[in-house]
Amino acid sequence: MTVGACAFAALAAVIAPQSAAQSAQAAPRPKIFHVAPDGSGASCTATRPCSPQAARDAARTVSGRDIRVELADGTYEMSQPLELGAADSGRDGHTVTWTAAPGAQPVFSGGRALTGWSEAADGTWTADVPEGVTPRQLFVDGKRAVRARGDACAATTCDATKTGMTGATATGIDKWRRPTGAEAVIKIRWRDYHCRIASVDGDRMTFAQPCWTNSASGTDRTGPAWDSTTVDSARYSGVAFFENARELLDRPGEFVWNADDRTVTYLPRKGEDMRRAGVLTPETERLMVVDGAHDLRVQGIGFAHAAYAQPSTDEGYAGTQAGLTLTGASGPVDHAGRHYTKPSAALTVRGGRHVAVTGAEFTQLGGAGVIFEEGTKDSSVTRSRFTDLSSGAVYVGDTEPKPDADLAGERNTVAYNTIRRTGVEYTDAVGIWAGYEAGLRVDHNTLDDLPYSGISVGWGWNQPEAQKSVLRDNRITANRITNVMRVEHAQHDGGAIYTQGAQPGTVVSGNYINRSAYGNTERDGNGIYLDEQSSYIRVEGNVITRVGYKWVSNWADYGIRNHATGNWTDTDAPALTGTGSTMKDNHTKLDRLPSRALAVAARAGAHGAPAEQLRPDLARAGTASQSSTDGAAAAYATDGDTSTDTRTLSRPGAWWQVDLGETRGVGQVEIWNDTSMTTADFDVQLARSADFSDATTLHFTGRALRPTLLDTDAEARYIRIKLTGTGRVALAHVLVHPART
């Protein structure tokens, strides 16, 4: 290097840090606007904070720098949503951030307090309700109340048709003082219907329109052409319950809304004092609406007590799938769900670009948490919490398979969120739903205690208009999904992860699924469910245990070129059906998870947590036999596979048994009924001797589930399942777990 070059380099070394410092000094600091629940005026300073709307308007006048709107601690009572549009975007490479002030926990609330409670002689309490408020949910001292409900009514009594239903006399509804305030709640497979009674004439009831028509067949708008899950279909088994009648108010924690005299009546739980209780009902539907904005962040803000008005109107809730409904008295023929309606959400983003929702909390909502729709792109919901929601947590995208480019959902992210106890009222809702999305990332979320499917991506049911769509390159990775498809909610035919549609480049990997449809009453409920036309999807490296039916399902032959490889599971499943689909190198029929599987499971979810280890199965190495065989051998119950079944002839005292080979300490017998749910009313006998003369007997009444668990503390070599009457014994799986040490 020459002397001149050295001098130049030395000078550059001096100038460079000075230039960087000058550049840093030149970058303006963010403009901060201060907001408080009681803020007023337009100053928006720390000493004179303003309202959210005033801060929004003031921020529109700032350019050339980042903007922070900092919300002080407290509850912001929202009589209308905070609306943010294109004018509220970050400009020229800058960002607008709506955020909690340091250490604050601000909450946007759509709730209305109900006060002035008076006690009646029967122990109920009543309060007047202001005009314009329709209490569909009630929260008493922060705990959700339940709309007063009755018992189930079987289809033999409550017989549904296209025009209405019988059963008013047998149920006593014809004697109710105000039956037209009550609703029928009906659950059929993956669908959930809530329709208000419109009239009662003798034994016959009619229901609000268009709710009932949209819940029944014959409109040519109710779903796929093959669909048989409407209220007047062969799948209908009865009303789950009627709700919201004064005559049904008989359990603490229940309430009734009377629209005629505009009152709410509540039966308190033990310890609740209605003279001092804080009682809220959702009033405002949407709390924040972002319409056409970009480069916007929403962080650290709570959203609570938002309403969902539609189910209380004559539209009712004609559920189709995943929390979407059919609405309108008429409309285009639509077998692919193009015109279905999403639920109302506390935070709705329409046509957003680079909108980030992070560290938010969504709780005690009458509808859903977040919706991204109408072409929202490059946006995210991350590190947020969702709990106690009437509908689902996050909805991403729309139901149009071939949208215009500006309306296509692309490159959105839902990651590191915690979702628990959603779908509380509308049990067909899912935790995370995505329609026709491309480049979606659903990653490291924790989902727990959900009534139906956990994550649902894709739409269309193989209908002609949906067979070629924008779906592609989606990634469902490292999520922890537990206790979903809860049997008590009677929503079937779903999965912890559920897909529809051809979506080339889509991957489902590294997820931990435990207890999906566990304890099921039917032969469905899956781990990963590649439903309908699901195609070109790779399922790899997932850990899937304690699933009510199949760990992976691809039943339709028009779902093609799906591949399942390198997964760990405690059962097996039939080969993937679709043309060109494969199952290869999977670790199946496990009774212990190996260390690699435990490591994958531990990394899954928003925070990571250990997996629930499987319990060793003593029956696996035993010798099975049965009293007779009707085409299905006894060994199918000990082959480690819940999709294969045994079957005896129908005989008095029919039995199945396993010889463990030696006497062992037995702590639990786990019984999986066959796919037809055949086995019922039986004894489980545990004995040291082959003649069962020294047997310990456990009796079970009713049908065995998938599974039924019977705890014991016995020393036994022989375990027998024996009917106490006449019939068949048919079993998918019997596990004998050793006593815990």
Side-chain angles (χ1 to χ4, degrees), residues 37 52 71-79 81-82 98-100 104-114 135-147 253 255 269 277-289 298-309 311 323 343-349 357-372 381-395 414 416-427 429-433 445-451 454 483-484 486 605-607:
L71 282 72
D73 202 34
T75 299
Y76 294 74
E77 297 179 357
M78 310 293 288
S79 59
L82 175 65
W98 286 75
T99 182
Q105 294 181 322
V107 177
F108 283 6
S109 173
R112 173 69 73 93
L114 299 182
R136 190 170 185 91
Q137 298 86 27
L138 202 69
F139 298 93
V140 181
D141 286 338
K143 187 174 183 179
R144 182 186 286 257
V146 177
R147 297 218 300 172
F255 75 99
R269 302 178 181 95
V279 183
L280 291 173
T281 187
E283 176 187 13
T284 306
E285 262 204 311
R286 295 174 179 86
L287 306 181
M288 179 182 285
V289 175
V298 178
Q299 64 183 32
I301 299 174
F303 296 84
H305 309 123
Y308 177 20
S344 175
L347 171 55
T348 299
V349 179
V357 179
T358 187
E361 182 158 0
F362 298 82
T363 185
Q364 297 187 348
L365 301 177
V370 176
I371 290 177
F372 282 0
V381 181
T382 61
R383 304 189 186 279
S384 296
R385 293 187 295 175
F386 300 80
T387 184
D388 197 7
L389 277 56
S390 290
S391 188
V394 181
Y395 286 77
V414 182
Y416 290 92
N417 300 290
T418 300
I419 298 170
R420 288 193 172 95
R421 199 168 176 262
T422 61
V424 172
E425 188 172 355
Y426 309 109
T427 54
V430 302
I432 299 170
W433 177 88
N445 300 283
T446 293
L447 300 95
D448 181 62
D449 192 7
L450 309 183
N483 300 304
V484 298
R486 298 292 296 269
H607 307 290

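The analysis underlying the following values was restricted to heavy atoms, covering all of them including side chains, and did not include hydrogens, waters or symmetry mates.
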Do [X] and [Y] come close enough that some side-chain heavy atom pair is under 4.5 Å?
{"X": "I419", "Y": "I432", "result": "yes"}
{"X": "T446", "Y": "R420", "result": "yes"}
{"X": "V289", "Y": "R286", "result": "yes"}

Cationic tip of R144 within the cone over F139's six-membered ring, i.e. under 6.0 Å and within 45° of the normal?
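No cation-pi geometry.
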Considering all heavy atoms of both residues, which atom of [X] and which atom of [Y] are nearest to each other, and what is their separation?
{"X": "P106", "Y": "A72", "result": "CB-O, 3.4 Å"}
{"X": "S384", "Y": "G359", "result": "OG-N, 3.4 Å"}
{"X": "P343", "Y": "A368", "result": "CG-CB, 4.0 Å"}
{"X": "G323", "Y": "Y395", "result": "CA-OH, 3.6 Å"}
{"X": "L389", "Y": "G367", "result": "CB-O, 3.9 Å"}
{"X": "A429", "Y": "P451", "result": "O-CG, 4.5 Å"}

Show, in sequence, the C-alpha distance, side-chain angles and deciding distance for V349 and I371, and conclude whether the side chain to side chain contact (heavy atoms under 4.5 Å, CB included) test is met. CA-CA 6 Å; V349 179; I371 290 177; over 6 Å; no
Results of side chain to side chain donor-acceptor pair (under 3.5 Å) for [X] - residues two or more places apart only:
{"X": "N483", "result": "D448"}
{"X": "N445", "result": "N417, N479"}
{"X": "R269", "result": "Y266, E272"}
{"X": "S109", "result": "H305"}

> Among all residues two or more places apart in sequence or in another chain, which pass the salt bridge (Lys or Arg N to Asp or Glu O under 4.0 Å) test with D141?
Replying inline: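 So D141 forms no salt bridge (Lys or Arg N to Asp or Glu O under 4.0 Å) with any residue.
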Just to verify, what does R385 make a salt bridge (Lys or Arg N to Asp or Glu O under 4.0 Å) with, not counting sequence neighbours?
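If we apply the salt bridge (Lys or Arg N to Asp or Glu O under 4.0 Å) test to R385, skipping adjacent residues, the hits are E361.
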State which residues pass side chain to side chain contact (heavy atoms under 4.5 Å, CB included) with [X]; sequence neighbours excluded, sorted by chain then number.
{"X": "R147", "answer": "R136, E183, E243, N244, F255"}
{"X": "L82", "answer": "P52, Q53, R56, M78, L84, W98, F108, M288"}
{"X": "Q299", "answer": "R68, T97, T99, R297, T358"}
{"X": "A306", "answer": "L287, A346, L365"}

Could I get the full list of ring pair (Phe, Tyr, Trp, His ring centres under 6.0 Å) partners for F362, not counting sequence neighbours?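 F303, F386.
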Practice item. Kindly write out the residues that satisfy ring pair (Phe, Tyr, Trp, His ring centres under 6.0 Å) with Y308, not counting sequence neighbours, or none if the list is empty. Key: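 Y308: ring pair (Phe, Tyr, Trp, His ring centres under 6.0 Å) contacts with Y426.
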Nearest-0.5 Å distance that lies between atom [atom1] in [X] and atom [atom2] in [Y]:
{"X": "L138", "Y": "L114", "atom1": "CG", "atom2": "CG", "result": "6.0 Å"}
{"X": "R112", "Y": "T281", "atom1": "CZ", "atom2": "OG1", "result": "10.0 Å"}
{"X": "L450", "Y": "T422", "atom1": "CG", "atom2": "OG1", "result": "4.5 Å"}

- Where the side chain of E285 meets the backbone of A309, is there a donor-acceptor pair that is under 3.5 Å apart?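 Between the backbone of A309 and the side chain of E285 there is a qualifying donor-acceptor contact (under 3.5 Å).
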### Query
Just by distance, do the side chain of E77 and the backbone of G111 share a donor-acceptor pair under 3.5 Å?
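Absent.
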Subject >> Ion pair D449/R421, N-O distance below 4.0 Å >> reply: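 Salt bridge: no.
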Option passing side chain to side chain contact (heavy atoms under 4.5 Å, CB included) with F372 (candidates V381, V394, L347):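 When side chain to side chain contact (heavy atoms under 4.5 Å, CB included) is applied between F372 and each of V381, V394, L347, only V381 qualifies.
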